[in-house]
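In what follows, every heavy atom counts, from backbone to side chain, and hydrogens, waters and symmetry copies are set aside. Below, chains carry the letters A, B, ... as their sequence lines are ordered, and counting in each starts from 1.
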Amino acid sequence: MTTEQNPQVFSDATKAKGDAVIELRGVDKFFGDFQALYDVNMNVGRTEVIVVIGPSGSGKSTLIRCINRLEKHDNGAIRVDGIELTEDIRNIQEIRKETGMVFQSFNLFPHLTVIDNITLAPRQVRHAPKDQAESEAMKLLERVGIPEQARKYPGQLSGGQQQRVAIARSLAMKPKVMLFDEPTSALDPEMIKEVLDVMVELAKGGMTMIVVTHEMGFARAVADRVVFMSDGRIVEVGTPEHFFTNPQEERTKLFLSQIL
Amino acid sequence: MTTAAPPIRTHTPTEWVRRSLFKNWWSGLITVVLVPLILYFGYRAFRFVFVTGQWEAVQVNLTLFMQGTFPRDEQWRLIAQVLLFALAFGVGAGTRGAAVRDAAEDAGLPFERENLLATLRRMWSLVAFIAVLLVIASLDDVGGFINPFLVVLGAAIVAYIGTQARRLPRSLRNVGWLVTVTLLVAGFQVVSGFDAGGWVPLGIVFGIAAYSIAPVDRLEASWLRVALRIVAALVVALIIRFIYSAVDTTGIGWDVWSGLHLTLMVSAIAIVLSFPLGLLLALARRSTLPALRWMATTYIELIRGVPLITLLFMGQFIFGFVVPANIDLSDITKAIAAMTLFTAAYVAEIVRGGLQSLPGGQTEAGQALGLAPPAIMRRIVLPQALRAVIPAMVGQFISLFKDSSLLAIIAILDFLRVRNIVHAQEAFRGVGIAETLVFVAVGYWAFAFAMSRESQRLERRLKVSR
């Protein structure tokens, strides 16, 4: 393996607070001949909020998509809440039950109403009775601020509302970890805040989160650690203060100078 | 300041003529050439229908066209079938309307129930065809097309009563659907009768219903849930079987069905059977198991490479070899099987197109929620994929309906082939040949057009709800 190992990054990346909910050890990922992830190591502690930033094509999305096996990693080990991710479909299902994911393009189910979107997984996977699933869905909709939209179809909602429904849908499975894949990138500017507000609330409530985003304000305010990725590698990891005021790596400095 | 309403553009007739017919020199030229042609052919068509046409061939043989050689003294079965189907149509439409209304209410959208006139206009081709039939039947009574007015009137009344199912409370929606299916099966079996296996269709339907509504959600162990559901399904199916054993089972099997009745029934049966088969083939073709994928692909490509006529001929021989020797398949059974297998291959390709059109994010969202692959397919992928292919699918079913006229070449007396009998009669040898053809063509068109319109409407409505 020709990966350039950076011991500084490695030790930083493994310095999780508390016990680790997510562990990545030497994860490689290939798309054909193209290597998307090089020897990624990371620990995420319980209630920790990690923000992953980096230029497009740097492997941020691939990284979190490997955690719930939307992509299969080729080398290394991934553990979520003590379960090792293997070929075994039951393991994968267990991990997916514990891991909520919010997508850039929402991916709500357009043929189902908002409340049916939210209750689908609890009813199908956890076999929750209908009335119980619906009352819990209503609580979640109140939490994300749109209980009045319960009986509408996703196509009738604004982008910001759709993404909040998507967050509620993930939360309905009571996940231990939430993964956010550029949740605000497809939104009109005036709708970004309403989604970020929900995410901030979630972080304050003690949810463990990995957030891929370009929202530096969110990173500053909420992140426990910021991870900078470039070309499939974790280049630098640090607290927001350290990361934004005193970056160590040239590539980090270059990236920050381009976006700030 | 009030905003001005957009100006309403009114045209005087002169203006309209100038704008639409003589806008520039070439549109004027087209008008000058086409209008006389249209008028001339319109005149000829009018004369053919009302003056020169020898419609006695249709008029005298109307019953023959409708029911072919179906035993005349069993005609009450056909009338009962029409009434039961009309009731099923009414209950189904009422239940469906109520479901749409519920959804609109929940979503806070306005809902306006379609009035009777709009329904009739929507199906105007069928209404027109029935009107033509009534007019022909009323010209004189030699046809013995017994009391067609009463039958049509009865069907209309029964269908209207059925639509009152929309007043049922929400909790009885599924009962409405169950009643609809039961009436359809009853309507079929009042003609066909049933032997030992007659309970199977309703047994399956009610079994599935029992399986899905069995109140076992709160149970912990998943094997216990499944086991109890299966027990519920079996118990219900057995009850159906018991009820059937207590009922008169005689009927007129489809060996002697013919005419328009046969054409409609064969098409309906082949449509109902080819859809699930095509669906399974499409899923098999996308399966991760190579053997399954290979078999489905081979089947689809083989069938699609062979003309339907060939399959119909081959079916008459081949199906006899594949079933045990003690089972004697009728020609019509074999023909239905051939048409079903043929259409299923096309349905499979259409469904596959729908599956491919779905964005990958939908499956990923289901996976990320921890749904198992079958649940993703059933709850997320298929509902959307099937909606996307409604127009293509209905197009295929319309083809199937029209292709049922090929049954004539394997000596089955379908709607089109009734003409052979008519023109073998002394009175109509070489008389009214064009007239009977036009009549049959109008009959096919009325149903095909109604199907096409329904598909457009379905498409529009599903688009609205998303």
Exercise: identify the closest heavy-atom pair between A:Q93 and B:G370: NE2-O, 3.1 Å
B:I380 vs A:L120 side-chain heavy atoms within contact, under 4.5 Å: yes
Top contributor to chain B contacts, counting heavy-atom pairs under 4.5 Å, from A:E98, A:R169, A:M173: A:R169
Shortest non-hydrogen contact between A:V125 and B:L369, atoms and distance: CG2-O, 4.3 Å
B:F206 CZ: over 12 foreign heavy atoms closer than 6.0 Å: yes
N/O donor-acceptor pair under 3.5 Å between A:H111 side chain and B:R387 backbone: no
Contacting region of A:I115 [heavy-atom separation from chain B under 4.5 Å]: neither
Close approach to chain A in residues 358-367 of chain B, criterion heavy atom under 4.5 Å: B:G361, B:Q362, B:E364, B:A365, B:G366, B:Q367
Region of A:F109 that comes under 4.5 Å of a non-hydrogen atom in chain B: both
B:R173 CZ: over 12 foreign heavy atoms closer than 6.0 Å: yes
Interchain contact, A:S105 with chain B, by part (heavy-atom threshold 4.5 Å): neither
Greater than 12 external heavy atoms within 6.0 Å of B:E112's CD: no
Residues in residues 54-72 of chain A that sit under 4.5 Å from chain B, counting heavy atoms only: A:R65, A:N68, A:L70
